[in-house]
Amino acid sequence: MTRLCPIGTDLDRAASLLRDGGLVAMPTETVYGLAGDALNPSAVARIFEAKQRPFFDPLIVHLPELSWLPRVVAADSPQTRELAAAFWPGPLTLVLPKAAAVPDLVTSGLPTVAVRIPEHPMALELIRRAGTPLAAPSANPFGRISPTTAAHVLEQLGDRIDYILDGGACAIGVESTVLQLPAEGSGERPILLRPGGLPVEELERRLGPIDIPQSAAADDQANPAPGMLTQHYAPRTPLTILSTSPPVDAVFSGSQRLGLLAFRPPPCDAGRAYEEIEVLSSTGDLREAAAGFFAALRRLDKRGLDAIHATPFPEEGLGRALNDRLRRAAAKSDRTTDVR
Ligand code: TXA
Ligand code: MG
């Protein structure tokens, strides 16, 4: 039998494991992260190994406060300071010029490093006690569904890491928004590398227009967001995105056992086609939907269904990040289908 790691709230134990090059899953407001000492190349290598993550996919470095920024970033700018003041701690990751102390493994050899200050008291305290910036990708095996509770981490990575710090369920539920800032004075626009927990509208209110590249670039293309692979966040059950939300009337032939991941409650007749239905928000609230999204996808994935259908989200606010995760979860099967 495989041995699972301990799970608990012992910050000192977690910090000391991190100082010794160990791996600790930590709660953040977005998703659970798999943390290791960002300045210790062998700890960083262990993160890639535990996740079975390809080395070309760079990691996010987590800090407890802005005064730590010079430890990992070579140069900041007034724009960086403004965004930091407005949105940190919070679900925003900034891609900035990297300091020499950051191992190339963290950034996949890029001259930039992705940085954020998470908004979770246990994460902040853990980083402070560890005394070092923490590299932390989402604490799931590469390409699978992201964890939003300690139990999710235990299930997927419990035999490969040293400790899980339990900070309850993640309040936001989708990963941070990743933004690349242009060089100062270049006149170029910031680029949205990953839609996430901070709606792009809030960033645009401060920064003006942001470039939003077509997110689903092919895996083998040079991509402004390394690691934004088309297939990601994937359940084992094939997932199909419906063309309407809620599904209008679903008449299915055959004896397929279907599950529905619905943003809002579906009409009764549409609902009858499904053996299992997860409604993310009875009132159509995107925040509530995001908070429960990955957990609902996991529950459906465990039911041994033949297929999962998902309704799309409105393409605004957190809906943009949720549609992005849906598209990537569906990338193995057909992208969208019309069930009418
Ligand atoms: O909410 C989050 O961001 C979570 C929690 C744990 O903080 N972390 C997370 O990390 O989602 P991860 O490793 O799953 O996503 C990191 C992504 C990479 O896949 C890549 O798209 C982008 O951040 N990234 C990291 N470094 C980059 C860089 N130097 N240039 C461009 N993109 C970068
Ligand atoms: Mg991830």
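Just follow the structure's listing: the first ligand is 1, and inside any ligand the first atom is 1.
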Q.
Would you say Thr283 and Asp285 are linked by a side-chain donor-acceptor pair, where the criterion is simply a distance under 3.5 Å?
A. no
**Q.** Salt bridge present between Arg46 and Asp162 (N-O < 4.0 angstrom)
**A.** yes
Q.
Using a 4.0 Å cut-off to any heavy atom of Ala114, which atoms of ligand 1 qualify?
A. 25 (C), 26 (N), 27 (C)
(Q) Could you check, using the six-membered ring where one of them is a Trp, whether Phe294 and Tyr233 have ring centers closer than 6.0 angstrom? (A) yes
Q. Does the gap between the ring centers of His152 and Tyr32 come in under 6.0 Å?
A. no
Q) At what distance, to the nearest 0.5 angstrom, does CZ of Phe313 lie from CG of Leu280? A) 5.0 Å
(Q) Is Arg53 close enough to touch ligand 1? Criterion: a residue heavy atom under 4.0 Å from a ligand atom. (A) yes
Q: For the pair Arg325 and Glu175, evaluate side-chain contact (heavy atoms from CB on, under 4.5 Å) and give the outcome as yes or no after the intermediate values.
A: CA-CA 10 Å; Arg325 304 307 186 267; Glu175 290 83 350; 3.1 Å; yes
Q: Number the atoms of ligand 1 from 1 as they appear, then name those within less than 4.0 Å of a heavy atom of Ala136, with their elements.
A: 6 (C), 8 (N), 10 (O)
Q: Take the angle between the ring planes of Phe48 and Phe55 and call it parallel below 30°, perpendicular above 60°, tilted in between.
A: tilted
Q) Against heavy atoms of Gly33, which atoms of ligand 1 measure under 4.0 Å? A) 6 (C)
Q.
When you compare ligand 1 with Ser138, is there at least one nitrogen or oxygen pair between them that comes in under 3.5 angstrom?
A. yes
Q: Kindly identify the option in Ala123, Pro118, Pro137, Pro58 whose heavy atom sits closest to atom 12 (P) of ligand 1.
A: Pro137
Q | Residue selection (non-hydrogen contact nearest atom 30 (N) of ligand 1) among Val95, Val113, Ile60 | A | Val95
Q: Take every heavy atom of Leu193, measure it against each atom of ligand 1, and state whether any distance is under 4.0 Å.
A: yes
Q) Quick one: does Met26 get within less than 4.0 Å of ligand 1, heavy atoms only? A) no
Q) Any non-hydrogen atom of His62 lying under 4.0 Å from ligand 1? A) yes
**Q.** Minimum heavy-atom distance Ile145-Leu297, with the two atoms named
**A.** CD1-CG, 3.9 Å
Q.
What I want to know is whether Thr112 and ligand 1 share at least one N or O pair that is separated by under 3.5 angstrom.
A. yes
Q. Considering only heavy atoms, which of Val106, Thr30, Asp57 lies nearest to atom 5 (C) of ligand 1?
A. Thr30
Q. If you measure every N/O of Glu175 against every N/O of ligand 1, is any gap under 3.5 Å?
A. no
Q: Test the Arg206-Phe87 pair against the cation-pi criterion, namely NZ or CZ under 6.0 angstrom from the six-membered ring centroid and within 45° of the ring axis.
A: yes
Q. If you count the non-hydrogen atoms of other residues, nucleotides and ligands that lie under 6.0 Å from CZ in Arg303, is the total more than 12?
A. no
Q) Based purely on interatomic distance, does Lys51 place a nitrogen or oxygen under 3.5 Å from a nitrogen or oxygen of ligand 1? A) no
Q: Heavy-atom contacts with Leu110 under 4.0 Å: which atoms of ligand 1 show up? List them by number with element.
A: 28 (C), 29 (N), 30 (N)
Q: Tell me which part of Lys98 gets within contact of ligand 1: side chain, backbone, both or neither, using heavy atoms under 4.0 Å.
A: neither
Q. Is there an N/O/S atom in Ser138 at a distance below 2.8 Å from the Mg ion (ligand 2)?
A. yes
**Q.** Heavy atoms from other residues, nucleotides or ligands near CZ of Arg287 exceed 12 (cutoff 6.0 Å)
**A.** no
